[in-house]
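Everything numeric in this text was worked out from a predicted model, so none of it was measured.
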Amino acid sequence: MSLQALKGPLVTPHFRLHTIEGLVSTLFLVEYPNKMLLFDSGCPCDIEPVAQFVSSSLKKKMTDLTLCFVSHAHPDHQGGAHRLREKFKTPIAGPHDIGVWYDGVGGWLQQQNDIMLAHLVSHVRGKGFRRLAFPREFDVDFRLHHGAQLPHFPDWSVVALPGHTSHQLGLVHALTRTAYMADLVILLKGQIQPPFPIHNRPAYLGSLERTTSLASHHLLLAHGGIFDGPQVREHFPRVQHAVAHAKLPQDTRPAMRYLLTPLSFLNAESRRESKFAVPPPAGGLTAQADT
């Protein structure tokens, strides 16, 4: 049976959570009485739809956007962050090592590969061609580790979800049992599927286990929307089996990188072992963000 996303906004005693359809992915805007939080910046062209939603639907200003959380370095997650910060002075929080993903010669090739995949997804979604170029050198204003409380939003805790990339992070709101899972899983043709590519298979399987232990009421998927948590989690055993038995290289950079270039070893990220090659335990969310 095909899964269907819940219709937004998601209203809780603490916030209202809105969905904004971007070029490639769904963005989530968390509205509090006196502040706002954006989950991922989307592609560079997604900043205008976000600004339009804030002004037209919420009757607020973009200067009211307190923080943008970037989960990982892909065009539909990090791509618009530089523009958001330059145009609206919005602070950015994200993985402490996000800048390594596109570092070096191999990082430049990785960025071209990621942009190509984003163009493909945009075409499949019938969105046409949009300029997706964004600066390769990037750092966040708040460097986050597993267990940190989100700056300005201490009710959200950071959870490490490596596998799709070495550094992907998610967020958990314990009071409402709501979790933003970024690209841990995606909705494809009504079915929950693993993302493409998978950077580290053991780490990815560990991230699925962690998400299962969170027992969240609602799961927010960047490629899907708002979902009932138990409905999504019941598909995890199938996803785990598919990934565990897939004929993919383990503990490597995305397979596409190796098809494109023999120079991937020049990328600093591929030369070092990820800190979260094996995800840390699900508990112990006590660490703080670096500023």
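- Cluster membership for Leu67 and Tyr180, using ILVMFWY side-chain heavy atoms within less than 4.5 angstrom, is shared.
- Evaluation of the salt bridge (Lys or Arg N to Asp or Glu O under 4.0 Å) test over residues 54-64, restricted to residues two or more places apart or in two chains, returns Glu31-Lys60.
- A heavy-atom distance below 4.5 Å is not found between the side chains of Leu144 and His96.
- Residues Asp228 and His217 bring no donor and acceptor atom of their side chains to less than 3.5 Å of each other.
- Between the side chain of His199 and the main chain of Gly163, no donor-acceptor pair closer than 3.5 Å is present.
- Nearest heavy atoms, Leu169 versus Gly94: CD1-C, 4.1 Å.
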Next on the checklist: Between Phe142 and Phe69, is the ring pair (Phe, Tyr, Trp, His ring centres under 6.0 Å) condition met? List the steps.
Outcome noted: CA-CA 9 Å; Phe142 299 98; Phe69 166 76; over 10 Å; no
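- For the pair Thr26 and Leu221, the minimum side-chain heavy-atom distance is 4.5 Å or more.
- Under a 4.5 Å side-chain heavy-atom cut-off, the cluster of Ile, Leu, Val, Met, Phe, Trp and Tyr residues that includes Leu58 is completed by Ile20, Leu27, Leu29, Met36, Leu38, Ile47, Val50, Phe53, Val54, Met62, Leu65, Val70, Leu84, Phe88, Ile92, Ile98, Phe138, Val140.
- Criterion: ILVMFWY side-chain heavy atoms under 4.5 Å apart, direct or through other members. Under it, Ile186 and Val243 are not part of a common hydrophobic cluster.
- Judged by distance alone, with hydrogens and angles left aside, the side-chain atoms of His245 form a donor-acceptor pair with the main-chain N or O of His241 at under 3.5 Å.
- Here the side chain of Tyr204 pairs a donor or acceptor atom with the backbone of Leu184 at under 3.5 angstrom.
- Counting only N and O atoms by type, the side chains of His167 and Asp97 include no donor and acceptor under 3.5 Å apart.
- Counting non-hydrogen atoms of neighbouring residues, nucleotides and ligands closer than 6.0 angstrom, the NE2 atom of His152 exceeds 12 such neighbours.
- The shortest side-chain heavy-atom distance between Phe134 and His82 falls under the 4.5 Å cut-off.
- Gln149 places no side-chain N or O within 3.5 Å of a backbone atom of Val158 that could act as its donor or acceptor partner.
- Across all their heavy atoms, Ala246 and Arg201 have their closest contact at O-NH1, 2.5 Å.
- For Arg85, the salt bridge (charged side-chain N to carboxylate O under 4.0 Å, His left out) partners are Asp141, not counting sequence neighbours.
- Within the 3.5 Å criterion, the main-chain N or O of Leu161 finds a donor-acceptor partner in the side chain of Gln168.
- Using a 3.5 Å distance cut-off with no hydrogens or angles, the side chains of His74 and His164 do pair a donor with an acceptor.
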Checklist entry - Would His18 and Phe28 satisfy ring pair (Phe, Tyr, Trp, His ring centres under 6.0 Å), going step by step from the backbone distance to the final call? => result CA-CA 6 Å; His18 307 273; Phe28 298 93; over 10 Å; no
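- Minimum interatomic distance between Ala133 and Pro44 (heavy atoms only, all atoms of both residues): O-CG, 3.6 Å.
- Looking at Gln193, its side chain never comes within 3.5 Å of a backbone N or O of Leu187 through a donor-acceptor pair.
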Just list the side-chain donor-acceptor pairs under 3.5 Å for residues 5-16, sequence neighbours left out, or say none.
residue : atom : partner : partner atom : Å
Thr12   : OG1  : His14   : N            : 3.1
Thr12   : OG1  : Phe15   : N            : 3.0
Thr12   : OG1  : Phe15   : O            : 3.0

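- Inter-residue side-chain proximity for Leu37 and Leu150 is flagged as met; some heavy-atom pair is nearer than 4.5 Å.
- Residue pairs meeting the salt bridge (Lys or Arg N to Asp or Glu O under 4.0 Å) criterion with at least one member in residues 38-57, sequence neighbours excluded, are Glu48-Lys87.
- A side-chain donor-acceptor contact under 3.5 Å links Ser41 to the backbone of His77.
- When the side chains of ILVMFWY residues are joined at heavy-atom separations under 4.5 Å, either directly or via intervening members, Val232 and Leu208 end up in a single hydrophobic cluster.
- Listed for the Thr90 side chain is no donor-acceptor partner under 3.5 Å among the backbone atoms of Cys68.
- Among residues at least two apart or in separate chains, salt bridge (Lys or Arg N to Asp or Glu O under 4.0 Å) pairs with a member in residues 116-138 are Glu21-Arg125.
- Residues Thr176 and His173 have side chains that bring a donor and an acceptor to within less than 3.5 angstrom of each other.
- Side-chain contact between Gln4 and Phe227: absent, with no pair of heavy atoms (C-beta onward) separated by less than 4.5 Å.
- In this structure, His218 and Leu17 have side chains that are not in contact, with every pair of non-hydrogen atoms separated by 4.5 Å or more.
- Looking at Lys89 and Thr63, their side chains never come closer than 4.5 Å, going by heavy atoms from C-beta outward.
- Checking side-chain atoms of Thr165 against main-chain N and O of His72 turns up no donor-acceptor pair under 3.5 Å.
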